[in-house]
Amino acid sequence: MPELPEVESARAVIERAALGRTIADVDDTDTWECRPHAPGEIRDALLGRTLLAAHRRGKSMWLTTSGRDGERDEHEEGPHLGLHLGMSGRILVTAAADGGDESVGGDYAGRHADRRKEEWFRFTLRFEDGGSLRLLDPRRLGRVRLDPDLSGVGPDAGEIGREEFRTRIGRGTAPLKARLLDQSAIAGVGNLLADETLWQAGLSPQHRVDDLDEEQLDELRRVLRRCIRAAIRQGGVHTGEVIPHRRADGHCPRCGAAMVRGEVGGRTTWWCPVDQT
DNA sequence: ACACGTGTTATGCG
DNA sequence: TCGCATAACACGTG
């Protein structure tokens, strides 16, 4: 999926193309994507409201909505609409009734990148102007929720401060990569971003977190920030330097050693056995 | 047919 | 209860 950089691109698309538009209809009939909401529940909560802002923490997004005209809550805010792209989700926003002008966010270079089937659209906001915001999600691991609970989501991986990073990452006995992937520790790092960051930092994914000293943790945080910024700017985590070399015949682009494949933190992991210690 | 996967979460174990 | 590991989830692709 979409890791932090792809979700940020989706958020930016919504911010640029969907804010200020009023919701005239909602398709929330996919009971898996919208669970535990009953069909119509999200629809009833959103009809007549306007999208006010698009926020993100890690891979979680939420859109704030306005009160409804003429109702008691007119000057208050409506519910938040939580969106999670899962492993294959993308956001599509169309500008007008004819659907001629379309923006895509959460784009990624996976196998589903350019494919699109009507039945993969799992959720739709239809606006008064005839345009729409849709969630395209072939694998159906994404989520749409009203007022999502983000209490278990850690601070954003691109925003976290030095002190908090030290304590959230450096404590315990977990392998370093497993900790980076733990969304309750820090939010936004996925499998590819973790491999790229650890390669850039010269650290083994199997390194026990409490073996790292403060200097190493600080450096790791700097590298992670740099990888996130670069991925956002260049269009996704797949633009990382070591990502193309995560393959059976891959070699470290720095030293030329054969890349090693293993499983760390429950995910397929590739690293350079020479450079990463 | 079979294995794999850029994510999350319920369950199990020490 | 905590920290960590694993299975399960849904479904397209090679």
Review point. Does A:His84 put a side-chain nitrogen or oxygen below 4.0 Å from OP1 or OP2 of B:dT8?
Key: yes
Exercise for review: For A:Arg246 and B:dG5, give me the distance from atom CZ to atom P, rounded to whole Å.
Suggested key: 8 Å
Practice item. For A:Thr94 and A:Ser132, test the side chains for any donor-to-acceptor distance below 3.5 angstrom and give the result as yes or no. Key: yes
Check your understanding: A:Lys59 has an atom NZ; how far is it from atom P of B:dG7, in whole Å?
Key -> 4 Å
Revision key, fill the gap. The side chain to side chain donor-acceptor pair (under 3.5 Å) partners of A:Asp28 (sequence neighbours excluded) come to none
Check your understanding: Given the rule that I, L, V, M, F, W and Y join up when any side-chain heavy atoms are under 4.5 Å apart, are A:Trp62 and A:Ile91 in one cluster?
Key -> no
Review point. If you measure from the Lys or Arg side-chain nitrogens to the Asp or Glu carboxylate oxygens, is any gap between A:Asp195 and A:Arg246 under 4.0 Å?
Key: yes
**Study point:** Of residues 261-269 of chain A, the positions that come close to DNA chain B - non-hydrogen atoms, cut-off under 4.0 Å
**Key:** A:Arg261, A:Arg267, A:Thr268
Point to revise | Between C1' of C:dG3 and CG of A:Asp210, the distance in whole Å | key: 12 Å
Revision key, fill the gap. Residues in residues 173-186 of chain A with a heavy atom under 4.0 Å of DNA chain B, by number, are A:Gln183
Check your understanding: Is it true that the side chains of A:Thr277 and A:Ser204 contain a donor and an acceptor less than 3.5 Å apart?
Key -> no
Review point. To the nearest Å, how far apart are A:Arg140 CZ and C:dG12 P?
Key: 10 Å
**Study point:** Salt-bridge contact A:Arg247-A:Asp249 (side-chain N to carboxylate O under 4.0 Å)
**Key:** yes
Check your understanding: What's the CZ-C1' distance between A:Arg35 and B:dA10, to the nearest Å?
Key -> 11 Å
**Study point:** Charged N-O contact under 4.0 Å between A:Asp25 and A:Arg43
**Key:** yes
**Study point:** Distance, rounded to the nearest Å, where A:Arg57 contributes CZ and B:dG7 contributes C1'
**Key:** 17 Å
**Study point:** Phosphate OP1/OP2 of B:dT9: any A:Arg143 side-chain N/O under 4.0 Å
**Key:** yes
Practice item. Verify, without hydrogens or angle tests, whether A:Arg11 (side chain) and A:Met61 (backbone) share a donor-acceptor contact under 3.5 angstrom. Key: no
Check your understanding: A:Arg139 has an atom CZ; how far is it from atom P of C:dG14, in whole Å?
Key -> 13 Å
Review point. Between A:Thr167 and A:Glu164, is there a donor-acceptor pair closer than 3.5 Å when you use the side chain of the first and the backbone of the second?
Key: yes
Check your understanding: If only side-chain N and O atoms of A:Trp32 are considered, is one of them under 4.0 Å from the OP1 or OP2 phosphate oxygen of C:dC9?
Key -> no
Review point. Does C:dA10 pair with anything, Watson-Crick or G-U wobble, both distances under 3.5 Å, and if so, with which nucleotide?
Key: none
Review point. Can you tell me how far C1' of C:dC11 sits from CE of A:Met87, to the nearest Å?
Key: 11 Å
